[in-house]
Amino acid sequence: MKTQWIDELGQRVPLSRQPQDLQTYGRDWTRVYVPRPSAVVFPRHADEVCEVLRFCSEHGIAVVPSGGRTGLSAGAVAAEGELVLSLERLRTLGEVDPFGLTLTTGAGVTNHEVHVHCEHLGLTWPVDLASKGSCQVGGNLATNAGGIRVLRYGHARHWVTGLQVALMDGTLLNLGNAVQKDNVGPDLRQLMIGSEGILGVITRATLRLALLPSDRQVLFLAVDGMETGLELLRHARIQGRFQLQAFEFMGRNCLEAVMKVGGSPSPFGPGELPPAAVLIEVEGRLDGELDRWLEQVMSQKLVQDGLVAKSSADLNRLWAYRDNITESLGRLGLMHKNDISVEVGRLAEFVHVLEKEVAPVFPGELYLFGHLGDGNLHINVMKPSAMDPEEFWDGCHVADVQLYELLHKLGGSVSAEHGIGLLKKSALGFSRGPAEVATMRAVKKALDPEGLLNPGKVFDLSTT
Amino acid sequence: MNIIACVRQTPDTETVIKINGAANGIELDGVKLVLGPYDEYAMEAAAQIKEKNGGEVTAITVGGEKAAETLRHCLAVGADKAVHVQDTGADDALAIATALANQIKKLPHDLIFVSNKGTDSDRGAVGPMLGELLGLPYVGLVTEIEIDGGAVTVSRDVEGGSKEKFKVTLPAVICAQKGVRGEPRYASLPAIMKAKKKPIETVAAEGDLASLRKVELEKLEYPPARPPGRMVPGESAADKAKELVRLLRSEAKVI
């Protein structure tokens, strides 16, 4: 029976059952679940996507939409025999509209390809992620991706004018186009963006473009901790007459990990590393404004040491200390990850309680880094080498509950950028109330009554 | 020890180069200008030798008004003072070497560092010319440098992984190869603040440098555009591979 539907579908759209493909397309960058899809389909255009969904609706087959599979919450994992619907062949990339500064692209075009496509016009899609070479526009929107430019530009949802979405019953919705102002009824585009593939499958998008930042200035400042980092942020926001592009934080042990794995020297030269560092990127010609600000914060003893990038080469080398943290930690050991946020102004309070009360409960050393300007911290915990992985995961899950309770108390988010997927499902209730989850469930039921589209992600359809 | 670091301001390496209307230079409007990447290594070597052996580093450059920013950077990464020979017309190796030599003769000097080349002109000619004009020994592309009192031993890589070792009497002109003393340091905040108080002496170039020009730049042009990539059509991977082999045989003729 199982083979029969796969064979039938395979006659209509390109399909693979190769074990290698099942492994590759059945999982994302989380390595927690074992991929077990029944097959992978590769529709070549939106009509084929609809055909696949209609077919699956009729036959009761569960479907997992799949982009570049760089997610960190297992939102694109197929571990229960689902059919993986890969959007990677939807690769039509249109011309940049020089009037409205928009670009229409298929869901399977990578983030980096979009950047390269409009770079020669001095334009960019300001959604910029470490995974940009692999992640795709469809996935960027399905997860409302964040990244290093959120402080300046906001999440992906701000940079879309039009969306084409296929529903589970095979209906194709064209939600807006390149028109900038279109205030007609509830905005279904925004409902679809960030819905992690549980409401519909994004097949095409019209993206808003921004001017490429010119004259990027980068500072890498030694600070004695989170509180000083926040004080610097406050100064930069109120007193700095410049546009912040990024304001990133990393603890000393993160910096040490990058230096160890990359074999790179301390950016601060010989001597002891500072307790923490912030990387600040500022845009524009500043005519001494940045210098004046630096003199102020130095005279107030907020900063004693720091570096200024004098060339693009410097800038890239300094950014590498931030960009390489996740990869370096991954190479040093098994990591448990949380991606949280609180109001920026309450971050110091959060970290204070975290370090005093929650950190001792985690079974390994904490590594803190992230987008300070957005109140977004990545909390990574490294498994002690002698500890059994099962014991480590169990210990982390116990500590997670305390972390989520703290976030709940502070009105923070259990998932700032990574979404919920499968991995953070148990945390959803700490950031969303029962009435809100019930409303989400009602929307899901209206669009996908059988619960066939990306089943089990974000929340379970039945409350029992 | 009196150390001189000869440096040059060049467009940032990530600049998108645009040729000017007369096709005899590049557009510099809006272009970020930085200390030449190879000059950074010369500057780093000068700073480290001073820090170990004592003495003073003077950074010197020939260039227009903006070149002072580059000297300010040098003052933040190890130079103690700087000399700015103001000239805008001398984009010529002999003219620059002459202007440098004229100034260096007036300064106490033991060790003079130049870099391998400017990333803009790619000439690599100023260093040997400077040695000649000053009547001093010159060693090119030095990868190691040892100082023992007044004697200096330098090494350079040659073909086949061998090294040439030279004993040089001071004063001498040394061309620093990339990495001779590790990666160049970043400009630190305290050093930038201190650099603001260090002196930059501005002098006019002696004589008409442009008249020394032996080489005239006739025309700049862009390299030919790269032909666009081609997608090999085909329904399956096997079809595509077959078509690719056919194209490599019949069109590219490489197999």
Side-chain angles (χ1 to χ4, degrees), chain A residues 13-16 18 20-21 42 44 89 91 113 116 119-122 212 214-223 263-271 274 280 284-285 288 290-299 302-318 321, chain B residues 7 9-16 18 29-41 43-44 47-48 51 69-78 119 178-179 181-197 225 228-229 231 233-240:
Chain A
V13 280
L15 179 146
S16 169
Q18 298 288 329
Q20 184 54 45
D21 284 343
F42 299 95
R44 290 158 292 196
R89 294 202 184 173
R91 296 188 39 80
E113 284 168 325
V116 171
E119 197 176 12
H120 72 286
L121 295 167
L212 264 175
S214 62
D215 256 330
R216 299 159 64 201
Q217 319 278 338
V218 165
L219 307 172
F220 199 78
L221 307 179
V223 291
S264 41
S266 162
F268 298 106
I280 306 175
R285 304 240 147 174
L290 195 59
D291 276 2
R292 275 193 287 281
W293 180 77
L294 277 171
E295 277 173 23
Q296 273 179 25
V297 293
M298 283 183 81
S299 69
L302 283 174
V303 171
Q304 315 270 5
D305 197 5
L307 313 164
V308 180
K310 291 287 181 185
S311 62
S312 301
D314 274 4
L315 185 149
N316 293 333
R317 279 192 293 159
L318 288 176
Y321 285 101
Chain B
V7 298
Q9 190 177 47
T10 59
D12 189 277
T13 44
E14 286 192 4
T15 307
V16 178
K18 288 191 185 121
D29 263 3
V31 167
K32 184 172 184 168
L33 298 168
V34 300
L35 172 62
Y38 290 102
D39 296 342
E40 284 192 81
Y41 293 104
M43 188 56 231
E44 181 62 30
Q48 283 191 25
E51 283 156 6
E69 292 166 19
T70 289
L71 289 177
R72 196 60 75 191
H73 177 193
C74 292
L75 292 170
V77 290
T119 44
K178 187 177 174 179
R181 285 282 170 128
E183 286 300 305
R185 68 194 66 185
Y186 298 102
S188 80
L189 275 184
I192 289 172
M193 297 304 164
K194 271 187 212 146
K196 291 184 177 179
K197 295 185 185 121
M231 297 294 285
E235 271 300 305
S236 64
D239 287 350
K240 287 179 188 174

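Because the structure is a prediction, the values reported are computed rather than measured. Chain A is the first sequence line, chain B the second, and so forth, proteins listed ahead of strands; every chain is numbered from 1. Just the heavy atoms: all of them, side chains too, but no hydrogens, waters or symmetry mates, feed the values below.
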Enquirer: Lys310(A) vs Val77(B), test: side-chain contact (heavy atoms from CB on, under 4.5 Å). Steps then yes/no.
Expert: CA-CA 11 Å; Lys310(A) 291 287 181 185; Val77(B) 290; over 6 Å; no

Enquirer: Side chain, backbone, both or neither: which part of Arg91(A) has a heavy atom under 4.5 Å from chain B?
Expert: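 Contact with chain B: none, neither part.
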
Enquirer: Quick one: what part of Leu221(A) sits under 4.5 Å from any heavy atom of chain B, side chain, backbone, both or neither?
Expert: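 For Leu221(A), side-chain heavy atoms alone lie under 4.5 Å from chain B.
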
Enquirer: What part of Glu69(B) gets within 4.5 angstrom of chain A, counting heavy atoms only: side chain, backbone, both, or neither?
Expert: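 Neither part; nothing is under 4.5 Å.
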
Enquirer: Do Leu35(B) and Ser311(A) make a side-chain contact, defined as non-hydrogen atoms from C-beta onward lying under 4.5 Å apart?
Expert: no

Enquirer: Contact between Met193(B) and Leu294(A) at the side-chain level, heavy atoms closer than 4.5 Å - yes or no?
Expert: yes

Enquirer: So for Arg44(A), is it side chain, backbone, both, or neither that comes closer than 4.5 Å to the heavy atoms of chain B?
Expert: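 When you check distances to chain B, only side chain atoms of Arg44(A) fall under 4.5 Å.
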
Enquirer: Highest number of heavy-atom pairs under 4.5 Å with chain B: which of Val303(A), Asp291(A), Val308(A)?
Expert: Val308(A)

Enquirer: What residue in Ala309(A), Gly306(A), Ala313(A) has the most heavy-atom pairs under 4.5 Å with chain B?
Expert: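 Ranked by heavy-atom pairs under 4.5 Å with chain B, first place is Gly306(A).
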
Enquirer: Using a cut-off of 6.0 Å, state whether more than 12 heavy atoms not belonging to Gln18(A) lie near its atom CD.
Expert: no

Enquirer: Can you tell whether the side chains of Lys196(B) and Glu295(A) come within less than 4.0 Å, N to carboxylate O?
Expert: yes

Enquirer: Roughly how far, to the nearest 0.5 Å, is OG of Ser312(A) from NZ of Lys32(B)?
Expert: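 It is 5.5 Å, given to the nearest 0.5 Å.
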
Enquirer: For Asp305(A) and Ser188(B), work out which heavy atoms get closest and say how close.
Expert: OD1-CB, 3.9 Å

Enquirer: Tell me, side chain or backbone of Pro267(A) under 4.5 Å from chain B's heavy atoms, or both, or neither?
Expert: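 Both the backbone and the side chain of Pro267(A) come within 4.5 Å of chain B.
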
Enquirer: Return the option, out of Leu318(A), Asn316(A), Leu315(A), Leu219(A), with the maximum number of heavy-atom pairs under 4.5 Å with chain B.
Expert: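 Option with the greatest count: Leu318(A).
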
